[in-house]
Amino acid sequence: MFNSLISVIQGQLKSLYGMEKAAVELSSTTKDFKGDVTLVVFPYLRASKQAPHVTAEAVGQAVLANSDDVSSYNVVKGFLNFSLSSAFLQRTFDVIQHSEQWGHQPTDNSRQNMVEFSSPNTNKPLHLGHIRNNLLGHSVSQILKASGQSITQVQIINDRGVHICKSMWAWQQFGQGETPESTGIKGDHFVGKYYVRFNQELKKAIAEGESKGLTQAEAAEQAPCMTAVQAMLLAWEQGDSDVRQLWSMMNAWVYKGFEATYQRMGVSFDRNYYESDTYVLGKRHVEKGIEKGVFYRRDDGSVWIDLTADGMDEKLVLRSDGTSIYMTQDIGTAILRFIEHPIDNLTYVVGNEQDYHFKVLFLILAKLGYAWASNLHHLSYGMVNLPDGRMKSREGTAVDADDLLASMEIAAKTISETLGKTDGIAEEAKQHLYRTLGDGALKYFILKVDPKKTMVFNPEQSIEFTGNTGPFIQYSHARIRSIIRLGGDLSPWTWSDIEIQPSEAKLIMHLMAYPTLIQDAAKDLNPSSIATYLYDLAKGFNAFYQNHSILKAETPQIAAFRVALSTEVAAVLKSGLLLLGIESPEQM
RNA sequence: GGCCCCGUAGUACAAUGGAUAGUAUAUAGGUUUCCGGAACCUGAGAUCUAGGUUCGAUUCCUAGCGGGGCUACCA
């Protein structure tokens, strides 16, 4: 929206100081100064050869004379503050009002991006760490879509390996044939129970080993349950039908459980990859890489890449027995995805403990000669800690995803009932509402934090519904919608009926920033900027609402304009919350 | 040890190199003739330390201190 103003400023900088295509950046004026947008003139002093305030004055005067976007200006030291004209605000609001979906770009099918997220192990239920991953993956996908990209959402499920064998072995030993159905336990929790059981056995065996003078590592290695699990893993690799059958059955239980959790969180995938299918991929590429001289084989048969010249280590890419590791699989899967799908970008949502892994992976793919290696992105997010420290699933301090979602819903119910605002809503709609509000609180609490930062999850604070929270924004939205409903039929209005008030101008400018915000959030893969924006918008509207009557405005035309403005604010609140995976109720 | 990330009010989070470092909680107070008070308004409270670059540094660079992660023929 500032394009014409920026080009006027550039034109004036040229005619005043002979600057060709000067960089012009406008920022919004700090609240304690008069004006709407600010140009910092320090960068132009070299060309103007004049004092900051003289330069600012000269530019201000020239721009005012040549642009009807601004109505006045003032100068404070090197800061040139413009006030936007009514004409500019009117044009801006007209554009917002007449756009199909303000802020969203139409999907450009030539911009294909694949987002991988979630990617759980199948031996235990999802926990709080997975929640951050899923919320980020879903939100970033929505943001990329809104920015105009075509998105494919995928996950790779770690369905094989030593972890699931531990659950399998424990179930075989102690399960006595019980199932999720027979016990009424959700499938993923059921399998997780046996993972815990295995670890109890292991702990006992280690204690026993240590008492015989073994080191902890030796004791763990020699523990009977561990050797049994290793044997089971080998049998799986060799395709042993009993083991495979057990494996399929237990994974199926887990998938059923996961599906319920995903649905509850509101996330979905266009395609699932399974590690049992992909773990052998990549070997062929390793062989080719050896021929190219990218990798080298050691005497024991293992294959490595030397990255010391790039400031990293030597990394293994194939074991000496010829089997794949994670890296091998990821090389193969990435190549496969670019062959199978017409994508030009691939984004991995994975925790920052794997920063090094992805650095190496991307470098290897570049060395193998794939041009798209520069279009691989790692959305690296920080861990979620509890107020008293790190979560540890083995110590039982992990926050279970299903429990957390359920308790948020209960908290929402309690608060809503206390406030007594849901009387008269049908019972079924109430259930949905509590869920929506609980989700809103949780999702906003997690997504408002910069993804790359380690965050503290405080259960008590996460169910707060006042202040900088999801329900605050949901409430603001619901209240606006309520007013609009009350308004009913409104008289027609034109700009000649309206004198835009300062707080209305602020709202228009806030709405104006939405498209750029989405583009920036997409570029940075960062939903937290959306959260901050929505909170500020809701707060700005509430301040306006406090001081100006909407339906009982001075004239019916002003009332109609304010309803129109409110409608656009509500639409952006709703649209922005959806980018965070949060619904906006009409009533709460 | 090596490599990477992070240090902002009591606590939790903001701040494309720009003005007097924002917001929420907690804390002290205020707003009932009014469309939804889950709201609004006011007060007090912070950039780990020492250098450097810059007209200007929470932001960039160096060193130190503190916290976390990675450093497996695990994923």
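Residue numbers start from 1 in every chain, and the chains themselves are labelled A, B, ... in the order their sequence lines are given, proteins ahead of strands.
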Distance test, side-chain N/O of A:Tyr326 to OP1/OP2 of B:A72, below 4.0 Å: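 False: A:Tyr326 side-chain N/O out of range (4.0 Å or more) of B:A72 OP1/OP2.
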Secondary structure string for RNA chain B (Watson-Crick or G-U under 3.5 angstrom, | for other-strand pairs): (((((((..((((....[...)))).(((((.......)))))....(((((..]....))))))))))))....
Look at the side chain of [X] and the backbone N and O of [Y], then say whether any donor-acceptor pair between them is shorter than 3.5 Å.
{"X": "A:Asn123", "Y": "A:Ser167", "value": "no"}
{"X": "A:Thr323", "Y": "A:Arg319", "value": "no"}
{"X": "A:Lys283", "Y": "A:Gly322", "value": "yes"}
{"X": "A:Ser302", "Y": "A:Arg298", "value": "no"}
{"X": "A:Thr328", "Y": "A:Val317", "value": "yes"}

Nucleic acid contacts of residues 300-315 of chain A, taken as heavy-atom distances under 4.0 Å to RNA chain B: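 Heavy-atom contacts with RNA chain B come from A:Asp300, A:Ser302, A:Asp313.
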Near-strand residues of residues 521-532 of chain A, defined as heavy-atom separation under 4.0 angstrom from RNA chain B: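 Of all residues in residues 521-532 of chain A, none places a heavy atom under 4.0 Å from RNA chain B.
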A:Tyr533 OH - B:A24 C1' separation (whole Å):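 The answer, rounded to whole Å, is 20 Å.
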Sequence-distant partners of A:Ala22, side-chain contact (heavy atoms from CB on, under 4.5 Å), two or more places apart: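 side-chain contact (heavy atoms from CB on, under 4.5 Å) check on A:Ala22 returns A:Leu13, A:Met19, A:Tyr44.
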Side-chain donor-acceptor pair present, A:Ser476, A:Asn542, cut-off under 3.5 Å: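 The answer is yes; a qualifying pair exists.
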Distance-only side-chain donor-acceptor flag, A:His357 / A:Asp330, under 3.5 Å: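 Short answer, yes.
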Would you mind classifying the nucleic acid contact of [X] as base, sugar-phosphate or nothing, using non-hydrogen atoms under 4.0 angstrom?
{"X": "A:Ser27", "value": "nothing"}
{"X": "A:Phe472", "value": "sugar-phosphate"}
{"X": "A:Asn123", "value": "nothing"}
{"X": "A:Ile550", "value": "base"}

Nearest heavy atoms of A:Ser549 and A:Arg562, plus distance in Å: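 The answer is O-NH1, 2.8 Å.
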B/S/- contact track for nucleotides 26-34 of chain B, protein heavy atom under 4.0 Å: --------S
Base-contact (B) and sugar-phosphate-only (S) positions in nucleotides 5-13 of chain B, heavy-atom cut-off under 4.0 Å, - elsewhere: -SS----SS
Nearest to side-chain heavy atoms of A:Arg479, which nucleotide of B:A75, B:G69, B:G36: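 Within the option list, the nearest is B:G36.
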Whichever of A:Tyr356 and A:Leu316 has its nearest RNA chain B nucleotide further upstream toward 5':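 Of the two residues, A:Tyr356 wins.
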5'-most by nearest nucleotide on RNA chain B - A:Ile325 or A:Lys77: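 Here A:Lys77 is the residue nearer the 5' end.
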Validation row, ring centre A:Phe472 to ring centre A:Tyr475 under 6.0 Å: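 Centroid distance A:Phe472-A:Tyr475: not below 6.0 Å, so no.
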Between B:A50 and B:G66 - C1' atom distance, rounded Å: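 Those two atoms are separated by 15 Å.
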Basic-acidic side-chain contact under 4.0 Å: A:Arg297, A:Glu287: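 Judged by the 4.0 Å cut-off on N to carboxylate O distance, A:Arg297 and A:Glu287 do form a salt bridge.
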